[in-house]
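A note on names: the letters A, B, ... follow the listed sequences, proteins ahead of strands, and every chain is numbered from 1.
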Number of protein chains: 4
Amino acid sequence: MYRLSEREWQAYTEKYKNRARMLISCPDRPGIVAAISHFLYQQGANIVQSDQYTTDPETGRFFMRIEFELTNLEERCEVIREAFRPIAASFDMEYSLVQASKRKKVAIFVSKEDHCLLELLWRWKSGELYADISVVISNHPDMKETVESFGIPYHCIPVTKENKPQAEEEQIAAVSEAGADVIVLARYMQILSPRFLEDYAMRIINIHHSFLPAFVGAKPYEQAYRRGVKLIGATAHYVTEELDAGPIIEQDVQRVTHQEDVETLKQLGRQVERTVLARAVGWHLEDRVLVYGNKTIVFP
Amino acid sequence: MYRLSEREWQAYTEKYKNRARMLISCPDRPGIVAAISHFLYQQGANIVQSDQYTTDPETGRFFMRIEFELTNLEERCEVIREAFRPIAASFDMEYSLVQASKRKKVAIFVSKEDHCLLELLWRWKSGELYADISVVISNHPDMKETVESFGIPYHCIPVTKENKPQAEEEQIAAVSEAGADVIVLARYMQILSPRFLEDYAMRIINIHHSFLPAFVGAKPYEQAYRRGVKLIGATAHYVTEELDAGPIIEQDVQRVTHQEDVETLKQLGRQVERTVLARAVGWHLEDRVLVYGNKTIVFP
Amino acid sequence: MYRLSEREWQAYTEKYKNRARMLISCPDRPGIVAAISHFLYQQGANIVQSDQYTTDPETGRFFMRIEFELTNLEERCEVIREAFRPIAASFDMEYSLVQASKRKKVAIFVSKEDHCLLELLWRWKSGELYADISVVISNHPDMKETVESFGIPYHCIPVTKENKPQAEEEQIAAVSEAGADVIVLARYMQILSPRFLEDYAMRIINIHHSFLPAFVGAKPYEQAYRRGVKLIGATAHYVTEELDAGPIIEQDVQRVTHQEDVETLKQLGRQVERTVLARAVGWHLEDRVLVYGNKTIVFP
Amino acid sequence: MYRLSEREWQAYTEKYKNRARMLISCPDRPGIVAAISHFLYQQGANIVQSDQYTTDPETGRFFMRIEFELTNLEERCEVIREAFRPIAASFDMEYSLVQASKRKKVAIFVSKEDHCLLELLWRWKSGELYADISVVISNHPDMKETVESFGIPYHCIPVTKENKPQAEEEQIAAVSEAGADVIVLARYMQILSPRFLEDYAMRIINIHHSFLPAFVGAKPYEQAYRRGVKLIGATAHYVTEELDAGPIIEQDVQRVTHQEDVETLKQLGRQVERTVLARAVGWHLEDRVLVYGNKTIVFP
């Protein structure tokens, strides 16, 4: 079977067992980097990557992502979080500290189109997406066999106008039971309720099959065809209440010509969609994405 | 001076003196290609390139671009046009037959931003745009010296709310006097009147500094910055009455990140704008662009 | 299962049952297009796409690809081939006439890396590659289960220094039994013998994991890393006797930075490899590729 | 004239008068970031951007680029350099500290092709390249008028087999007199002597008109045409003694097809060449490029 062997997962986990990532944001002022790096040095950490971004002087907000190595990270993680608290308080920081070896739990929602789901499963099995895919939820039974062949539970929860609230209860139960950290809408053609969005704010990633903000809403390839654009695109974004208007994580495009009909646009578009979604999910899993306002910072 | 020498222009003109281009569109039905190619064969022509496109069966329209070589083209051109008339009639064709060695006359409109103008002038001087740039018209005096150093007349026609109709009369007079075949709005930040658009229908090319239909209208880079897109773009299109809604000739994009502020977006965007506009103008000059409905066919 | 249903295959076959493709090459001279299109018109065909290319005047060779629709194609195909013979002879043409609805038979060779194979299988199942994948041959047993889950026979033929000639006999037997029209080396890390190459001249497509002619031979990502290139690439080409030197069908690249180590280059490269190979195979299956000298013409 | 007004240069200079950049490299070990950021904090600096890169564990080398703001930078720059010395010594650092408002002096070498030169001049005049272009040196007189119209001295130093050593003496004198910090070979088709390379090690940027390491040496477009590649490219690199083998700063490519002859490849290639060279020069001027071994780190 084309999957990462247990031995390889373990090699990865072992390799990164002492690797941690910090994501920090706070009002900008002198001394932030000094304070953080001094703290980490005192703890015995070695910074292996760090990237920062400061918004324009008016808004003056500082964002940082640090990767460091620290011996015996597992045991010391909680102590470090505790020790960092006063520094965070003095700079008014929001922050998180995660272990790189901890796999995030992912729930994937899908309808009938399989290309985005399969891309994620393929990258997962090949070890490119370091995560646990805990559950796949669909309003159709079509993909059951495929998903289960990867050893992943498949919940088919049909959604109709009538049963929508109840269906969503079932979805929430399934996601919750799976302990999902992040939800990926891999061409799931239904709108989630505000309650869902609230529980998973900035943790639901959707792929929209156009270069947003062009062609919001339904049938973007038909819209693109009618407008006669020379490039089609796809956009991965966090889901917010306003349709297709959440913070953009990644976009890409594909050149087309007058020759392509709508069907061919869809076919070419599928390649862009799956690439863009897989990149966005990968970055999220590696804690590279920070949201501010309605935009994202994606650390390299 | 960095310009194509007269000798080189003449070499080009000489090389293509027997080269003609036909653009044809008509309702699709069997026998069109046979009729055209048989006609050209009878005339002694050798087809060196031909491309065709048929819309979907419902609309069923046939489009074709042919390049052929024919000895003594100059003398025989009119005869051929005459001889083709019955064939055109029997297939209900719209068509044009042009000599590749005839340089089209171009009028360029510009405001204060010089990058698109300079790109066109540079490509013209280097022989990449085979045309006569007959006049540059601007509502500002800024580029006078530069344009005149290329040996091109420069009309500065200031436009204000009050004098707009009169200013446009002056523009029309200047364009008309220059005998312009095509008008290029090289970041000309004014809207042309319907009268202008009618006279030059599908012969006015504008560059819009966004990936249309995203960010129609004013300040597209500011809009792009606020939306947090990961790619910025530019669109060259024929101008129609509806703002930024005419048939798209060419588009391209440039990757950006959260780091770019509006000024940097503008700077990066300039490169895309000038490339996209230069390509679109080049294709128009080589008779590669056909319009149908609100879309273009761009023959390779 | 994520496969095109029989119903969908049949819909496709039905849709294109009267669609034919001609590939033609001959010395250039006036009248070729007229002769071909007149012939097709007489047969009652409607040309839906045609593209031509003429090499430079010195070599003067003409290449053409035509798609046409013809009622009752199945029955009339042989008659048309016969009727075309004198025209072909008079212009000294090499040509082929194929029915678009006939699926070509594909044999895929693979070693241990599964990404290119899976991409082909995925595009095949989704209907993007209109073909029969008749057999997968590997020198390793790893992919057996996966391939067979797609309903495709899997031959594991281990190759060692000692058994190479005999192993190749087995491969040839398997390919021959499968009636393969084309062989795809989807990261098959062994060199085929001249005999193989002769039998399948210009019908064996290989994916090389570099932007050829840079980094010929073994370990191209290691070579790319050492050279410090800023783009990595992949190349699909027909296999000839000289290693990695056959006619190039398609190439593409991916931007990288100093940050990527060899492992990450390989991971990023996999995406380019599978895209480039899938495109090249698709074009070959649609009879879009003609070889002349050591180069290809790829009709759009 | 289309140039940045003095007022605009001054605005830029004023805006960045307190902006400094540090480039650092040293053996990796814990505490480097802490030491540097603590030092800067003590000096009253505010870090506005910082990027680091550590090579693989075996070689274990640390590289960093920091931008910071510091009041009264001009006066305090020397003091800071002095104060940093013990820290640098304790970590065995190589480092540089430059003021962002100091314009580097650039000498451009050119032969007959003008596109790369003009792109640099255009970006310079539009304020995208913050530098002083101090001199243009050519072995041909062709560009004299153009260059001088920008207010830049032009030295025409013809180079023949016979006078080569003497011509190079003149070149060195001109470069030296201009006080050049960096030399740009903007399609200068002559090879510089080892003495030149030594004096300006990693400060001579060349544009090669291929995607290196493919098509080293003369006539790369002819080589590309013969090989039938589907992408052509350009490479900006630091010049070293081995031809076209120095550290690569930037590369890019452009899609081509079988239709393009050598002349068209050259024409398309010119666009890639000027873009790639301009980017590389811009990054060098902004102190974004560090060399290690035969590779570059380009900080974003």
In terms of heavy-atom proximity below 4.5 Å to chain D, should [X] be classed as side chain, backbone, both, or neither?
X      : value
C:N294 : both
C:R255 : side chain
C:S210 : neither

*Check against side-chain contact (heavy atoms from CB on, under 4.5 Å), C:I248 and D:V229*: CA-CA 6 Å; C:I248 293 170; D:V229 291; 4.0 Å; yes

*Any chance you could measure D:L231, atom CG, to C:L231, atom CG, to the nearest 0.5 Å?*
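Between atom CG of D:L231 and atom CG of C:L231 there are 9.5 Å.
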
*Test side-chain contact (heavy atoms from CB on, under 4.5 Å) on D:F63 and C:H258 and set out the steps.*
CA-CA 11 Å; D:F63 300 89; C:H258 58 274; over 6 Å; no

_Given 3.5 Å as the limit, does a donor-acceptor pair link the side chain of C:R227 with the main chain of D:L212, or not?_
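No, because the side chain of C:R227 does not come within donor-acceptor range (under 3.5 Å) of the backbone of D:L212.
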
*Picking from C:I249, C:T54, C:V298, which has the most non-hydrogen pairs under 4.5 angstrom with chain D?*
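Most heavy-atom pairs within the cutoff with chain D belong to C:V298.
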
*Looking at C:Q223, C:Q251, C:E250, C:R226, which one has more heavy-atom pairs under 4.5 Å with chain D than the rest?*
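Ranked by heavy-atom pairs under 4.5 Å with chain D, first place is C:Q251.
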
*Side-chain ion pair, D:K230 and C:D252, N-O less than 4.0 Å*: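 No.
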
*asked:* Minimum heavy-atom separation for D:Q259 and C:Y53, please, with both atom names.
replied: CA-CE1, 3.8 Å

*Proximity breakdown for D:T235 and chain C, heavy-atom pairs closer than 4.5 Å*: neither

